[in-house]
Novice: 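The structure's right below; bear with me while I get my questions together.
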Amino acid sequence: MNCVGDLIFSPDVQNLEHYAQHGDISRLRHSLNVSYYSFLICRIFGLHYRDAARAGLLHDLFFYYWQDLSPENTKSHVLLHPRIALENARVITKLNRREEEIIALHMFPLCGRFPRFLETYIVSLVDKICAFMEALTFIKRIPRLCRVKIASRNR
Ligand SMILES: [Fe+2]
Ligand SMILES: [Fe+2]
């Protein structure tokens, strides 16, 4: 909280709760996951954990449903949303060079540029692992959701 306390309760970050990110996991929950695990890893390895926590929280600061995009727009979303998140993040806080890079290149290697900072590799990897685990959580819930639907239909 010492690292991200001033950001977490900002209206823009709280607004992420209204957007689903992976399955029914909200973009705020996803951002908190990425922020926290990046913070832990960077802290263990003596890296810039504050920058990783802050940029991890802001890395997906965009306000539209990417799930509703057409296949073509989904492709450009993958490359464009880090830039949108960076612009939105600049509005709510002053970012240092490392935080800027983490947000801008969190889709590495898809972004086509090699990051300079180790923290960017870590946040990028944590982002992918969190996305996978969040999607898995949702997939695991599907049989239960189906049962609920079938049960309610049989009533
Ligand atoms: Fe992202
Ligand atoms: Fe993400």
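Order of appearance sets the numbers: ligands from 1, and atoms from 1 within every ligand.
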Novice: Between Y37 and F39, does the ring centroid distance fall short of 6.0 Å?
Specialist: no
Novice: Under the side chain to side chain contact (heavy atoms under 4.5 Å, CB included) test against V4, which residue among V13, L32, L57 passes?
Specialist: L57
Novice: Which N/O/S atom belongs to D127 and is the closest one to the Fe ion (ligand 2)?
Specialist: OD1
Novice: Taking R54 first and then D6, would you say they form a salt bridge - that is, a charged N and a carboxylate O separated by under 4.0 Å?
Specialist: yes
Novice: Backbone or side chain, does H59 get an N/O/S atom under 2.8 Å to the Fe ion (ligand 1)?
Specialist: no
Novice: Is the Y65 ring parallel, tilted or perpendicular to the Y19 ring (thresholds 30°, 60°)?
Specialist: tilted
Novice: From H30, does some N, O or S atom reach closer than 2.8 Å to the Fe ion (ligand 2)?
Specialist: yes
Novice: Do any N/O/S atoms of D60 come under 2.8 Å of the Fe ion (ligand 1)?
Specialist: yes
